[in-house]
Number of protein chains: 2
Amino acid sequence: MTGPRRRVTQQDIARICGVSQTTVSLVLNNRLDAGVRIASETRERVLEAIAETGYVADPVARRMVARRNRIIGVFTYEAVFPSGTRDFYQPFLAGIEDSAEQLGCDLLLLTSAPVVEGRRRIFHEGNRFRLADGCILLGRETDRGELARLVAEGYPFVSVGRRADTGGPVPYVGADYPGAVAELVAQAVEMGHRRLAYLGSGSHTESRGDRRDGFTAALAATGAAGPVLAGETAELVARLPELVADGVTALFVEDPADCQQLADRLAELGHPVPAAISTVALGDPPPDSVWGYPHPPATADIDFTGFRIPRWEMGRQAMEVLSALLEEKSTEPQRLLRCAGHRGASLAPPPR
Amino acid sequence: MTGPRRRVTQQDIARICGVSQTTVSLVLNNRLDAGVRIASETRERVLEAIAETGYVADPVARRMVARRNRIIGVFTYEAVFPSGTRDFYQPFLAGIEDSAEQLGCDLLLLTSAPVVEGRRRIFHEGNRFRLADGCILLGRETDRGELARLVAEGYPFVSVGRRADTGGPVPYVGADYPGAVAELVAQAVEMGHRRLAYLGSGSHTESRGDRRDGFTAALAATGAAGPVLAGETAELVARLPELVADGVTALFVEDPADCQQLADRLAELGHPVPAAISTVALGDPPPDSVWGYPHPPATADIDFTGFRIPRWEMGRQAMEVLSALLEEKSTEPQRLLRCAGHRGASLAPPPR
DNA sequence: TCAAGGTGGTAATACGAATTACCACCTTGA
DNA sequence: TCAAGGTGGTAATTCGTATTACCACCTTGA
């Protein structure tokens, strides 16, 4: 065995062949440009030495010259552990990876970012996101301050999920929630629903707000009406009787995870879904599984009508946009992708 | 917009502060060695400029000089797409990530490795695994040639899953299949089984071979006997009558995914599991889900007795070993982890 | 007055590959 | 005979950081 020997370098090859390091480099990169000539006899000698020694160019040195890494950072805002949110990221990551593979990039998971107050920080002492040529930001919520700083510094990044401008346009690939919600509202109205309610968290994050705004806009467009509620799940459940009394026949539920609980309570109250009242999920729940051992969703009796968030495609296109930014190719840096409707069993015509 | 501006370098910081690049480097690395002195006033100025510009040392340059990145490469052998194997890696990755987070390392997913003949290659023109301080190898199979080369070159790496030596010891964190299988065999024998069969693929990969060898060793140890079959799933199913006729009362199935199919066929033949014949899964099936939308395992009528592969822990310890290798701390570089037995419903005493 | 020692910093160089600028030599042709 | 052009190659420099060797200046103390 040769033991832990030093890496073979171009210099070594050069010594062996009695040529200069430059020559080795030229042979290696097969530079046939006019202006660069290597006698084929010399070339052979060099290639032979390369084959014998098993020389491989040190990618680090190579990158040093090229000033590009072909490394794309992936920053996940929420701490991945210990909650089950790991799988929240998975479809996005799969899309990102697919695209990275095609682009010949490696992905750097920025796991070293310290967790402060339950979330990771991009900017911190010794922040390492600049290790990468550019970054993809992943997470339900984003720190506006950090976003603004990234924009201000001109660091190339793309957010998965729409983000409002912060002192400059934020590149993103998001889901078209307003459009998706509008489609569902239109369907409901067409079925005869006239009084629809929105049940949300009251949160002002883009993903929540877009659904809510989409709902109110759609109401206005269709001529239907109805209240917009904001509160925790328990609170929303508690207000169901009030909605029924109000004559509401269709619920638009911001968080798909709340649907089952609402439906259960409605059944208790004697208003089964969808016979008495329709319930629409504004999205699809992220998959829940524990370390890859899937367990069935809590108690999914009902196949809720709603829409599918194109998570995989969002990840893929985010990479695409980032790549374009890095190559300085022109591209649409703010994209909203259509959500395919999911025709389940929870939206039906209102009782007559 | 500031436009796509150049990376900030130590030289830039130096210019801003009116000092030399050396000084910046010294401040950055907080060199308090005797023989190196920086006025605290100067230090402050430099630190301020660093904070303002958001400067981060270029890992590539750093790597050129030193030998550390705090980047750990993760190489997955099999192409991740388009099959559903993504989730095969997930529990391992989760363990790796957990450990990386604690160590303050970032993870580099080597997605750029080109796929040749259906699998990724570590060594290829422009291979990039040396961007990382060390690598974790993940995959059901591994290329022996590449493994040997890594060993010969003295590159720090750890395999998740046992690998046979290739011209030198291969560091790994694997599952103790022989031990796990032996426990199950012992259980079966204790219940009264005397003729056990092994149903495998005939593959010579370590993970398969270890199970098979564990089985034959356990047979010898317990005084039981029985055939070892090798073949595709369909072939194994076809040979079931032969096994029944042979007086076999317990099947040890190499690939857990085959169990249900075998049990179904046995039921058709009039030998229900486990009343007539026991069936043991040598492992637990990797979770299957499509882009995060879990669907129930094919037709999992039976809760098969078997064991759990400690995937998460394997990932975690692989990082641990790699870290030790990098720090040149002594550690056991070849580890087999115990698989907890899973007491299901498919192993029962043989019919009398 | 000047050697000794402390202080605060810089110039130079290494790391490995890529690239640019240029050199030394040879062959032509007029 | 010598300028023009072709041939085969090399020295020097670049990328960004870390490290080593050393320098210029100041303060002591005898």
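Given the structure is predicted, the values throughout are model-derived calculations rather than measurements.
In summary, B:Arg335 and B:Glu320 engage in a salt bridge, as defined by a charged side-chain N under 4.0 Å from a carboxylate O. Contact check on A:Glu206 versus A:Arg163 returns a salt bridge, with a Lys/Arg side-chain nitrogen under 4.0 Å from an Asp/Glu carboxylate oxygen. A salt bridge does not link B:Arg149 to B:Glu146: none of the charged nitrogens lies less than 4.0 Å from a carboxylate oxygen.
Shown here is A:Glu327, whose CD atom has more than 12 heavy atoms of other residues, nucleotides or ligands within 6.0 Å.
Taking atom CG of A:Asn29 as the reference point, atom P of C:dG16 lies 17 Å away to the nearest angstrom. Look at CZ on B:Arg63: it is 16 Å from C1' on C:dA17, rounded to the nearest Å. Here C:dC15 presents its P atom at 10 Å from CD of A:Gln11, a figure rounded to the nearest Å. For the pair B:Met64 CE and D:dT19 P, the computed distance is 14 Å after rounding to whole Å. The interatomic distance linking A:Asp58 (CG) with C:dC15 (P) rounds to 12 Å, in whole Å. Taking atom CG on B:Asn30 and atom P on D:dT19, their separation rounds to 13 Å, with Å as the unit. Computed from coordinates, the B:Tyr55 OH to D:dG16 C1' distance equals 7 Å when rounded to whole Å. Between the P atom of D:dG16 and the CZ atom of A:Arg62 lies a distance of 18 Å, rounded to the nearest Å.
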If you restrict it to nitrogen or oxygen atoms, what contacts under 3.5 Å exist between nucleotides 11-14 of chain D and the protein, and what is each distance?
from, atom 1, to, atom 2, distance (Å)
D:dA11, N6, A:Thr22, OG1, 3.0
D:dA12, N6, A:Thr22, OG1, 3.4

Heteroatom pairs (N/O) under 3.5 angstrom, protein to nucleotides 5-8 of chain D:
from, atom 1, to, atom 2, distance (Å)
D:dG8, N7, A:Arg37, NE, 3.2
D:dG8, N7, A:Arg37, NH2, 2.7
D:dG8, O6, A:Arg37, NH2, 3.2

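Residue pairs meeting the salt bridge (Lys or Arg N to Asp or Glu O under 4.0 Å) criterion with at least one partner in residues 41-58 of chain A, sequence neighbours excluded, are A:Glu41-A:Arg45. Within the structure, salt bridge (Lys or Arg N to Asp or Glu O under 4.0 Å) contacts touching residues 20-30 of chain B (residues at least two apart or in different chains) do not occur.
Under the 4.5 Å side-chain criterion, counting only non-hydrogen atoms from C-beta, B:Leu325 is in contact with B:Pro171. Side-chain atoms of A:Arg70 and A:Arg63, non-hydrogen and from C-beta on, do get closer than 4.5 Å to each other.
Put simply, A:Thr9 has no side-chain N or O that comes within less than 4.0 Å of OP1 or OP2 on C:dC15. Contact between the side-chain N/O atoms of B:Ser25 and the OP1/OP2 oxygens of D:dA18 is found at a separation under 4.0 Å.
In this structure, B:Val19 reaches the sugar-phosphate backbone alone: every heavy-atom distance under 4.0 Å involves primed, P, OP1 or OP2 atoms, never a base.
The ring of B:Phe157 has its center no closer than 6.0 angstrom to the ring center of B:Phe129.
The side-chain tip of A:Arg120 does not point at the ring of A:Phe75 from less than 6.0 angstrom away and within 45° of straight on.
B:Arg121 meets the side chain to side chain donor-acceptor pair (under 3.5 Å) test with B:Asp143; sequence neighbours excluded.
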Legend entry - Dot-bracket encoding per residue of DNA chain C, Watson-Crick/G-U cut-off under 3.5 Å, | denoting interstrand: ||||||||||||||||||||||||||||||
